[in-house]
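Once you've had a glance at the structure underneath, I'll fire off some questions.
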Amino acid sequence: MYYAIASQILKYVLIFLIYLFLYRVFKIVYMDIKGARYERQITSAKLSFLNGERTFNLFEVTTIGRSEECDIVIESPYVSARHAIIRKRGKRFYIQDLNSTNGTFVNGKRIKGIAKIRNNDVITLGDVELKFIL
Amino acid sequence: MEEYIKTGSKAMKNVFWIFVIAFLLLFIHNKPKGFDTIYFTLAFPILIYIVYYLHVRLFPLGEIQFIILTSFLTEMGLIMIYRVTPDLLIKQIVWIAIGFLLYFISSYISKYYDLLYKLKYGEAIYIALTIALLGSTLIFGREIGGAKNWLTFDGIYVQPAELAKIIYIIFLAKYLCTRRETKDIIILGLITLAILGIFVLEKDLGMAFLFYATTVLLIFVSTSNLLYTAVGIGLFVLGGIISYFLFWHVRVRIEAWLNPWMDVPGKTYQIVQSLFAIAAGGFFGTGLGMGHPEYIPVVASDFIFSAICEEFGLLGAVAIILVYFVIMYRGIKVALNAKDGFGALVATGLISMFSLQVFTIIGGVIKFIPLTGVTLPFVSYGGSSMVMSFVTLGMLNGIALKEEQQDVQFESQY
């Protein structure tokens, strides 16, 4: 008898808890989608060819390479399919070489792993020279 | 990232409180006979917390949602199993523990999934394994519940088809990665027909549907050719009509689906009881221990969803379906982010097989499609199904981890 009453009341509590759980699960999904969009946000920084041919806008995370999948596609036989990646951390930008064949150079110095880049730095990928403008 | 884990922990706390309330009620209702039951029950929340903590520690960039969602699903399954058949509870908890262990092992192993791709004569090995596993039940198998798809070893029952599912998906992914000509697709179609033949001999319609539908889906995903897909669906309809006239057990299922009231005490007993249970539940359910889900046959495995409908109501049942949707979403996301074509195809195959299985059994018990006997992953009672569902998600987690390895390197150097 008491059990029946308890079960009747607690079933609403259980349903409430189940939906609270679902709310949290969907909140994680939402944060996840927002995070993915965040990577695609355009920043004020730009990357342009030294000869002034073209200028690219940089995202929060930008990949550079010969492959079509990259954000910045450079058609040159000396550039690897996925050559380098530029990320924004706070207000600074960092470039990372993705084990490319011909390497990535910042102001003529070959970088190992990750390097910070500043305004007007010249980035060399294979035979292509790009200027970083903040 | 911080907020991510915080929300996850809150969700785990909800899982814990659902557990406490439901099992307090059930302990009063069932009056457990020995202390064993209580000890094992108490071990479950400890187990999921350890697993959650380990996952956060070992795979900081892994699919933590898989752990949160599977703990919820397995817990709902445990509650319902303890409600309808208390004797199976301990076994189920042991299977869950083994499942979580295999989840971690398969996560670690499938990080190196490209080895599976590079294996020489891989396709031949995988398909031979699949056929050997499926054929083994034809020769040594035992018939339970109308389908001959079980093997017994000293009283332990295993379903080899559950393992064959995963190997078959690896085969499909490897095959479709390189061969997409019409000729190759026809050969693949013939192989699939041979596998369907085995299932027809075993009278295992649910698995036959799962294998066929996954093959058609993967062909569509890898070739994006609508013609193949249309032919696949056309052949499926044709095969369904032919087997309706050829096989007695197919005819029974379809007739029970079209008109469940024709033979209530006999052929359509299962589905009618299931529909009564769902109707009795209403929106909020009858409350734990207040319904009569024990009237449904095989309620602990195939019909567990109807039991949940009865005691947790429509709202509880919808919550379960939504959780499956989130798992599906995560799985497809893993496939989209996979690093190469092979990984993407394996992930797509695994998650489509998983989702199709959920659709087949939930659709079956609510009489949306003809009923076939497959289990509801993570919720139903059953060792093979539980363990292999965990391996499926573990492999997806491994594929997701592989693509994120570069990021980890970046973090550590920075």
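Numbers restart at 1 for each chain; the letters A, B, ... are given by sequence-line order, proteins then strands.
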(message) So B/T7 and A/Y30, do their side chains get closer than 4.5 Å, heavy atoms only?
(response) no

(request) Go through the atoms of A/L17 and report whether side chain, backbone, both or neither lie under 4.5 Å from a heavy atom of chain B. (result) both

(message) Please classify the contact of A/I15 with chain B as side chain, backbone, both or neither, using a heavy-atom distance under 4.5 Å.
(response) side chain

(request) Identify which of B/R330, B/K13, B/M290, B/K10 forms the greatest number of heavy-atom pairs closer than 4.5 Å to chain A. (result) B/K10

(request) Could you pull out the closest heavy-atom pair between B/L25 and A/Y3, with the gap in Å? (result) O-CE1, 3.2 Å

(message) Quick check on A/R110: does its CZ atom have over 12 non-hydrogen neighbours (other residues, nucleotides or ligands) under 6.0 Å away?
(response) yes

(request) Against chain B, label A/Y12 side chain, backbone, both or neither, depending on which of its atoms sit under 4.5 Å from a heavy atom there. (result) side chain

(message) Could you check whether any side-chain heavy atom of A/V25 comes within less than 4.5 Å of a side-chain heavy atom of B/L69, counting everything from C-beta outward?
(response) yes

(message) Quick check on B/M76 against chain A: is it the side chain, the backbone, both or neither that has a heavy atom closer than 4.5 Å?
(response) side chain

(message) Could you report the tightest heavy-atom contact between A/L20 and B/N14, atom names first, then the distance?
(response) C-ND2, 3.4 Å

(request) Could you pull out the closest heavy-atom pair between A/S7 and B/G287, with the gap in Å? (result) OG-C, 3.4 Å

(request) Indicate yes or no: at least one non-hydrogen side-chain atom of B/L288 is less than 4.5 angstrom from one of A/L14. (result) yes

(request) Quick one: which of B/V323, B/I21, B/V15 has the most heavy-atom pairs under 4.5 Å with chain A, could you say? (result) B/I21

(message) If I compare all heavy atoms of A/I18 with all of B/A319, which pair ends up nearest, and what's the gap?
(response) CG2-CB, 3.4 Å

(message) Any heavy-atom pair between the side chains of B/I68 and A/I28 that's under 4.5 Å?
(response) yes

(request) Would you please go through residues 308-315 of chain B and name the residues with a non-hydrogen atom below 4.5 Å from one of chain A, in numerical order? (result) B/F312, B/L315

(message) Are more than 12 heavy atoms, taken from residues, nucleotides or ligands other than B/Y295, located less than 6.0 Å from that residue's OH atom?
(response) no

(request) Just give me the residue among A/Y19, A/Y23, A/F21 that pairs up with chain B most often, heavy atom to heavy atom, under 4.5 Å. (result) A/F21

(request) Please look at A/F26 and chain B and tell me whether the side chain, the backbone, both or neither of the residue comes under 4.5 angstrom of a heavy atom of that chain. (result) side chain

(message) Please determine whether the number of non-hydrogen atoms from other residues, nucleotides or ligands lying under 6.0 Å from atom CZ of B/F325 exceeds 12.
(response) no

(message) Tell me the closest heavy-atom pair linking B/T286 and A/Q8, and the distance in Å.
(response) O-NE2, 3.1 Å

(message) Are there over 12 heavy-atom neighbours, none belonging to A/F105, within less than 6.0 Å of that residue's CZ?
(response) yes

(message) Ignoring hydrogens, what is the shortest heavy-atom contact between A/K11 and B/F284? Give both atom names and the distance.
(response) CD-O, 3.6 Å

(request) Would you indicate whether A/K88, at its atom NZ, is surrounded by more than 12 heavy atoms from other residues, nucleotides or ligands within a distance under 6.0 Å? (result) yes

(request) Could you please state which residues from residues 45-57 of chain B sit under 4.5 angstrom from chain A, measuring non-hydrogen atom to non-hydrogen atom, sorted by number, or 'none'? (result) none

